[in-house]
Structure formats: structure tokens, C-alpha cells
Student: 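Quick one: the structure is below, questions incoming.
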Amino acid sequence: MKKRTLLAQGIGIGAALVVLSACGNDNGDTQHAPQAGAAPQASTAQASTTPAGGGAVQLGTQETALGTVVTDPAGYTLYWFTEDTPDTSACVGQCTTVWPPTLGAPHTGGRAELTGALGTLTRPDDGAQQAVYDGHPLYRFAKDTAPGQTNGDGVKGQWHVMPASPAPVPPSTSGQ
């Protein structure tokens with residue numbers, strides 16, 4: 001009986017690790033890692049700086065080693081996920097622990113030079129409004145512990161900083 005209980009517990013722990021690793025940081029970047037013993041702050045900062053539903057969220061910009069990126073009201077870098085579409089967030093459940101969504105209708109407050117389209121989508125898990133910039137739902141990375149960090153860029157090859165300047169549209173070759 002004890003063997004069955006231990007086996008079931010082991011399977012449960014293994015399944016939990018698989019779920020958590022789906023959105024985790026495996027990029028090996030330790031350049032901006034917090035010091036040992038430092039408590040992570042980013043996941044709670046997102047909740048405190050983002051409206052809980054239908055409010056507004058002010059976006060900004062910040063210069064980083066990766067260029068000018070879109071930031072949340074506290075100056076933390078925002079990211080986009082390759083599995084998302086302009087009207088659907090694929091990061092739900094445990095994923096949002098590591099990648100908290102930026103909730104609310106985005107605006108610039110007239111101070112950020114953001115030329116991409118601003119919008120929202122309705123999240124599939126809780127119905128909240130999530131900020132969208134240039135067709136990409138926006139997220140924070142819980143392991144960014146200070147404004148301007150870009151630790152989430154390249155995680156699993158699917159998470160990227162949101163550049164302030166939208167990608168240029170390639171010229172059309174039709175009619176040539």
C-alpha cells in the first residue's frame with residue numbers, strides 16, 4: 001500500500017513539474033538573476049500595477065540592451081508569446097504565474113512614443129480584458145525583478161520583448 005501511495009505522489013509531483021516548466025525560464029541567462037536570498041517581486045508588482053478587469057493601463061517605453069521596449073506603469077518590460085493570436089491568449093492557468101498578463105485597456109498617457117495599434121482581448125480563462133499592442137497580447141515576466149530587465153526574452157524560443165516600434169510590413173510584390 002505504501003508503494004502505491006509513494007508512486008501516486010511521485011507521479012503527481014512529476015506532472016506538476018511538467019506544467020510549471022512549460023512557461024519557465026530555460027534560456028540560461030543569469031546575467032540579471034536576483035541575488036541569492038532576494039525575494040522575487042515581479043509577479044506581485046504586476047497585480048498591483050494592473051487594473052483588475054475593465055480599467056486602463058498606461059504603457060511606456062524604456063531603453064534596454066535589446067532596444068526600446070514597451071513597459072508597464074512600473075517600468076517593467078512587457079513581452080509577447082508566439083502561441084498567441086491578436087484576439088486569443090494561449091497563456092492560461094499555471095503559465096500566468098510566470099507570465100502575468102497585462103490587464104486593462106492600454107493607453108500611453110501622451111508620454112510614450114508607441115506607434116503600434118493599442119487594443120484589448122478577452123482572456124479565455126477569467127474573462128478579464130488583456131492589453132494588446134501591435135496585435136500581441138502583453139505579459140510581464142515574473143523573474144524580471146527590476147525595471148528595464150529583459151530576462152524573459154527568448155525563453156523557450158517563444159517569449160520575446162515587445163519592441164516599441166512595430167515590425168515594418170514588407171513591401172508587397174504583387175503587381176510587379
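Just so it is clear, the structure is predicted and the values come from calculations on it, not from any experiment.
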Student: Minimum heavy-atom separation for Thr115 and Ser165, please, with both atom names.
Tutor: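 Scanning both residues completely, I find the closest heavy atoms to be OG1-CA, 4.4 Å.
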Student: Looking at Gly116 and Tyr133, what are the two nearest heavy atoms and their distance?
Tutor: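 So the minimum-distance heavy-atom pair works out to N-OH, 2.9 Å.
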Student: According to side-chain contact (heavy atoms from CB on, under 4.5 Å), who are the partners of Pro86, at least two apart in sequence or on a separate chain?
Tutor: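 In terms of side-chain contact (heavy atoms from CB on, under 4.5 Å), with neighbours along the sequence ignored, Pro86 is linked to no residue.
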Student: Out of Thr71, Thr77, Leu138, Asp153, which one pairs with Met162 under the side-chain contact (heavy atoms from CB on, under 4.5 Å) rule?
Tutor: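 Only match with Met162 under side-chain contact (heavy atoms from CB on, under 4.5 Å): Leu138.
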Student: Indicate whether any N or O donor in one side chain lies under 3.5 Å from an N or O acceptor in the other, for Thr122 and Gln129.
Tutor: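 The criterion, which ignores hydrogens and geometry beyond distance, is satisfied for Gln129 and Thr122.
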Student: For the residue pair Phe81 and Trp99, is the inter-centroid distance of their aromatic rings smaller than 6.0 Å?
Tutor: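 No, ring centres 6.0 Å or more apart.
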Student: Among Asn151, Thr150, Asp144, find the residue that satisfies the side chain to side chain donor-acceptor pair (under 3.5 Å) test when tested with Tyr79.
Tutor: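 When Asn151, Thr150, Asp144 are each tested with Tyr79, the side chain to side chain donor-acceptor pair (under 3.5 Å) holds only for Asp144.
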Student: State yes or no: do Val98 and Trp159 share one hydrophobic cluster built from I, L, V, M, F, W and Y residues joined by side-chain heavy-atom distances below 4.5 Å, directly or via other members?
Tutor: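 Yes, because Val98 and Trp159 connect within a single hydrophobic cluster, where side-chain heavy atoms sit under 4.5 Å apart.
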Student: What residues, two or more places apart in sequence or in another chain, satisfy side-chain contact (heavy atoms from CB on, under 4.5 Å) together with Thr61?
Tutor: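 Testing Thr61 for side-chain contact (heavy atoms from CB on, under 4.5 Å), a comparison that skips the adjacent residues, returns Thr68, Ala112, Leu114, Ala164.
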Student: Can you tell if the side chain of Thr64 reaches within under 4.5 Å of the side chain of Val161, non-hydrogen atoms only?
Tutor: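 No. Closest side-chain heavy atoms not under 4.5 Å.
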Student: Using side-chain contact (heavy atoms from CB on, under 4.5 Å) as the criterion, list what pairs up with Ser89, not counting sequence neighbours.
Tutor: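 So Ser89 forms a side-chain contact (heavy atoms from CB on, under 4.5 Å) with Asp84, Cys91, Leu121, Arg123, Pro124, Gln130, Tyr139.
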Student: Any heavy-atom pair between the side chains of Pro106 and Thr120 that's under 4.5 Å?
Tutor: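 In short, these two side chains touch, coming nearer than 4.5 Å.
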Student: Apply the side-chain contact (heavy atoms from CB on, under 4.5 Å) test between His160 and each candidate in Val69, Thr82, Leu66; give the one that qualifies.
Tutor: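 That would be Thr82.
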Student: Out of curiosity, Asp72 CG to Gln62 CD, how far, rounded to the nearest 0.5 Å?
Tutor: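 It comes to 10.0 Å.
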